[in-house]
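Down below is the structure, laid out as structure tokens.
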Amino acid sequence: MSSIGIPALQSVRHGDVAVTKIGIGFVLAVILLGMPLVIPEYQTFQLTGVMTYAVAALGLNLITGYVGQVSLGHNAFFALGSYAAVLSVVYLGVNDVLGVLIAAIVTFIAGVLAGYPAKRLRGLYLALITLILAVSVIPLVKQFKAYTGGAAGLMVDKPVPPAWFTLGQDAWIYYMVLAFTVVVFWLVRNFVGGSNGRALAGIREGELAASSMGVDVNRLKVIVFGVGSMLAGVGGALATFTIGFIGPDSFTLMLSISFLAAIVVGGLGTIWGALVAGLFLQFVPSYASDLGQAFSGAVYGGILIACMTLMPNGIVGSLMKITSSRREARKAADRAAAKSAEKAAVKAAADRGVRAT
Amino acid sequence: MNVLEIKGVSAGYGRIPVLHDVSLAVGEKSIAVLLGANGAGKTTTLRAVSGMVKYTGQILLDGKDLKGLGPDRIARLGIAHGVQGRGTFSDLTVEDNLAVGAFRRRDKAEIAADIEQMYALFPRLRERRKQKAGSLSGGEQQMLAVGRALMLKPRVMLLDEPSLGLAPVIIDDLYEALQRVNRSQGIAMLIVEQNANLALEIANDAYVLETGSMVLSGTARDVSENDGVRAAYLGN
Amino acid sequence: MQYFFQQIVNGIGDGAIYASLGLALVLIYRTTNIANFAQGEMATFSAYIAWQMVDWGVPLWWSFLIAIVVSMIVGVLAYLLLVRSVQHRDELTIVIVTLGLFLAFNSFNGAIWGFLQLSLPSPFPEKSFAIGALRFNAELVGTIVILIAISTGMFLLLQHTRLGTALRASASNATSAMLVGVPFTAMMAIGWGLAAGLGAVSGLLVGPKLTLDPNMMGAIIIYAFAAAVVGGLTSYRGAVVGGAIVGISQALSMAYLPWLGSDLQILLPLMLIVAVLIIKPEGLFGSTVVVRV
């Protein structure tokens with residue numbers, strides 16, 4: 001009797017949240033879609049770059065942030081995806097979107113094959129194997145010079161917009177990459193939500209815990225490595241089509257370390273951390289290299305060390321902690337308010353009762 | 001004169017309190033036994049003494065306050081702590097285990113002599129001197145842990161459940177050895193035990209902890225004649 | 001046949017360098033349970049210190065000695081100032097931090113000494129001699145002698161000194177080591193210092209052989225890891241044998257598989273290591289891996 005008014009009060013608040021969420025989504029969609037209309041072409045191109053990096057970073061975040069496996073071979077899958085897409089466009093005559101999908105399939109298979117040892121090897125050994133993958137890229141590209149253009153690289157035809165599209169090529173590529181990015185983020189969000197998310201956390205915390213939850217740890221690890229590598233491939237393919245050039249110098253070990261630095265900065269084990277990572281990868285290297293050759297390494301090194309020692313949750317992780325503790329506080333306040341409301345209601349009822357008798 | 005004095009010590013892990021205002025003393029060349037059920041705080045008491053747990057109150061070694069010192073400093077001052085579950089260096093040989101026990105000492109010739117003495121005390125260890133400690137049986141590891149603690153030539157030796165998991169014959173040997181060392185070298189001991197019979201036999205003083213508080217203390221004889229103790233710890 | 005043996009001899013020469021860096025990796029892994037990805041860059045730093053001393057007119061052997069001592073101090077500082085605070089965190093954190101250290105040293109070297117190639121004089125005379133049909137040059141013999149000397153020195157230090165026993169005890173069981181009075185932090189710092197010294201030796205051997213630039217050790221650290229992995233990262237003997245295996249297989253593949261091309265030949269020894277890791281993750285010499293919690 002006393003609690004009648006309270007659920008209603010809460011559901012209003014729930015309704016509010018849902019409405020706000022839809023509202024935010026709508027605004028976000030308008031901003032993302034409208035961006036190329038208002039910003040200069042070069043910035044559109046840069047934003048496209050952010051998204052391609054974010055997709056690949058999301059892949060590494062799955063492997064490293066969600067499962068806790070250290071991979072230094074992300075550059076290899078980024079490269080593999082790029083070459084797979086370019087070569088299937090050149091030799092199979094498929095269109096760019098199909099090229100990206102082929103890159104996804106190829107890198108998924110390669111990731112599963114590489115991840116197979118990963119299911120037995122944790123941490124350090126996996127880092128070593130992936131390190132070897134990382135340094136194999138350039139020799140392999142040079143070896144298959146006839147197809148890859150060797151050290152000099154290849155010019156790649158950028159996707160051409162259809163006649164009805166009048167905003168220009170960069171905008172067209174922007175929308176294409178945006179579509180891929182949204183789909184990828186949505187899929188990964190669903191993948192790590194719910195039971196999968198708990199299983200992944202279980203693996204990270206300790207494999208025994210995960211297996212006792214009934215999770216097939218090995219299978220899940222291999223799949224995650226495959227999916228993570230696939231995202232590197234997709235990101236690489238998209239990046240290559242965006243830039244219009246492919247060459248081994250873009251795929252050094254340094255790229256892998258940059259990816260690692262970026263997801264550490266963004267926040268390990270967070271979806272939106274990958275987006276921060278994308279921004280980081282697009283903008284930090286060029287600013288850092290403006291400061292001098294030695295400086296980019298110093299920037300990355302300093303960031304890695306500082307983040308790991310001072311801010312292990314990264315930007316997004318830290319923000320989430322702040323907001324979630326706020327949310328906790330608000331919930332606690334709500335609970336307290338509800339309780340006092342309840343008390344008041346009980347008291348009022350009692351008063352009425354007293355008066356009635 | 002007491003070698004080790006614990007005065008009004010309270011300690012815990014994080015926010016969970018374990019010890020409340022615990023006091024005890026170990027006299028020069030004497031053996032004290034600390035009894036209590038699982039979770040009463042016996043191990044925590046020892047950990048506080050060797051600097052592995054933060055505490056309030058005072059812990060004194062020969063009148064010197066130990067507060068704020070790290071475990072290695074405290075060990076070098078002369079407190080040897082044989083932890084529960086033995087804690088030998090499993091990938092070092094038996095002999096190296098004993099040698100590292102004497103880390104705080106510089107008297108090379110005497111260290112070698114003491115190692116020989118440990119072998120005399122525990123002949124099984126001599127047979128296995130070149131074997132890795134990890135390959136020893138539970139009883140042998142316990143002997144090694146005690147031997148290693150003795151190599152420190154401590155003022156006080158803390159032993160946490162030395163009889164845990166050992167066969168009765170071996171337990172008898174072990175306690176005989178402890179008593180011998182105590183008499184011949186005058187090393188004071190604070191022994192934590194759950195099975196109290198043997199410990200009370202060789203001890204001078206006894207203390208009983210219950211849920212973190214000292215509920216009984218006195219000479220070993222008095223404590224062993226206490227009805228509550230007899231029922232709870234002596235099995236009659 | 002003579003050609004074949006000559007390749008093996010040359011391979012052992014390179015292998016000795018991988019082994020010396022590999023020994024440093026094993027030493028750090030055993031004492032602090034950390035795989036130090038920055039070891040190669042620290043060795044490059046050592047080579048630069050030696051170059052700087054030579055440039056300032058210090059005699060060559062003194063320059064090398066100073067470089068080794070400075071490197072050991074830097075190793076100790078790296079542990080105390082940085083690694084110590086993350087040592088007990090998860091493996092991921094540690095790997096990332098040592099990668100950060102890798103970048104920090106790499107760019108520090110570049111910032112101070114530039115990216116142009118410098119040349120560090122060789123401590124060995126340019127002489128060679130023949131035993132039967134095999135030719136040995138002084139550099140090769142010197143390298144092998146130095147490797148034997150440092151391995152023996154390390155063995156004696158670890159197995160037969162009070163400090164060595166304490167180091168091993170700390171690595172084996174940190175808590176128990178403290179309870180017998182071994183100062184844990186000091187042991188870890190000494191471990192890092194010794195490893196930095198070993199790494200310095202490898203840097204000083206590589207420096208004159210290649211040219212000195214900030215990325216000099218880039219490939220060599222990977223071969224050193226490969227060598228160390230043969231022993232499961234825990235066996236000194238394994239690191240030495242592993243170094244020889246990597247060096248010899250590299251020399252042989254260059255001599256006999258020219259159709260692979262120089263690029264793929266580089267990868268061959270690494271493939272070997274991947275095979276070892278997959279088939280026998282504990283390495284060929286490593287004791288069963290004890291997971292420290």
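The sequence lines fix the lettering, A, B, ..., with proteins before strands; numbering per chain opens at 1.
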Could you tell me which portion of [X] (side chain, backbone, both or neither) has an atom closer than 4.5 angstrom to a non-hydrogen atom of chain C?
X         : answer
Met52(B)  : side chain
Ile79(B)  : backbone
Arg105(B) : backbone

Item checked: Closest approach of Ala75(B) to Leu179(C) (non-hydrogen atoms, all atoms of both residues) ->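 It is CB-O, 3.3 Å.
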
Next item on the list: State, to 0.1 Å, how close Val180(C) and Phe103(B) come at their nearest heavy-atom pair, and which atoms those are.
Entry: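 Closest pair (atom of Val180(C), atom of Phe103(B), distance): O-CB, 3.9 Å.
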
As an exercise, state the distance from [atom1] of [X] to [atom2] of [Y], rounded to the nearest 0.5 Å.
X        : Y         : atom1 : atom2 : result
Leu92(B) : Ser172(C) : CG    : OG    : 5.5 Å
Arg30(C) : Asp91(B)  : CZ    : CG    : 6.0 Å
His81(B) : Ser176(C) : NE2   : OG    : 9.5 Å

Next item on the list: For the pair Arg76(B) (side chain) and Gly181(C) (backbone), establish whether a donor and an acceptor sit closer than 3.5 Å, ignoring hydrogens and angles.
Entry: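 Looks like yes, one N/O pair under 3.5 Å.
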
Next item on the list: Please confirm whether the backbone N or O of Val100(B) pairs with a side-chain atom of Thr165(C), one donor and one acceptor, at under 3.5 Å?
Entry: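 A pair under 3.5 Å: no.
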
Notebook entry, point to check: Checking Arg168(C) against Phe89(B): charged group under 6.0 Å from the ring centre and within 45 degrees of the axis?
Noted result: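 No, Arg168(C) does not sit over the ring of Phe89(B).
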
Next item on the list: Check step by step if side chain to side chain contact (heavy atoms under 4.5 Å, CB included) holds for Arg162(C) and Arg106(B).
Entry: CA-CA 10 Å; Arg162(C) 176 170 170 271; Arg106(B) 297 260 175 194; 3.4 Å; yes

Next item on the list: Give a yes or no on whether Lys54(B) atom NZ has more than 12 heavy-atom contacts from other residues, nucleotides or ligands under 6.0 Å away.
Entry: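 Result for NZ/Lys54(B): open.
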
Notebook entry, point to check: Is it true that atom CZ of Arg183(B) has more than 12 heavy atoms of other residues, nucleotides or ligands lying nearer than 6.0 Å?
Noted result: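 No.
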
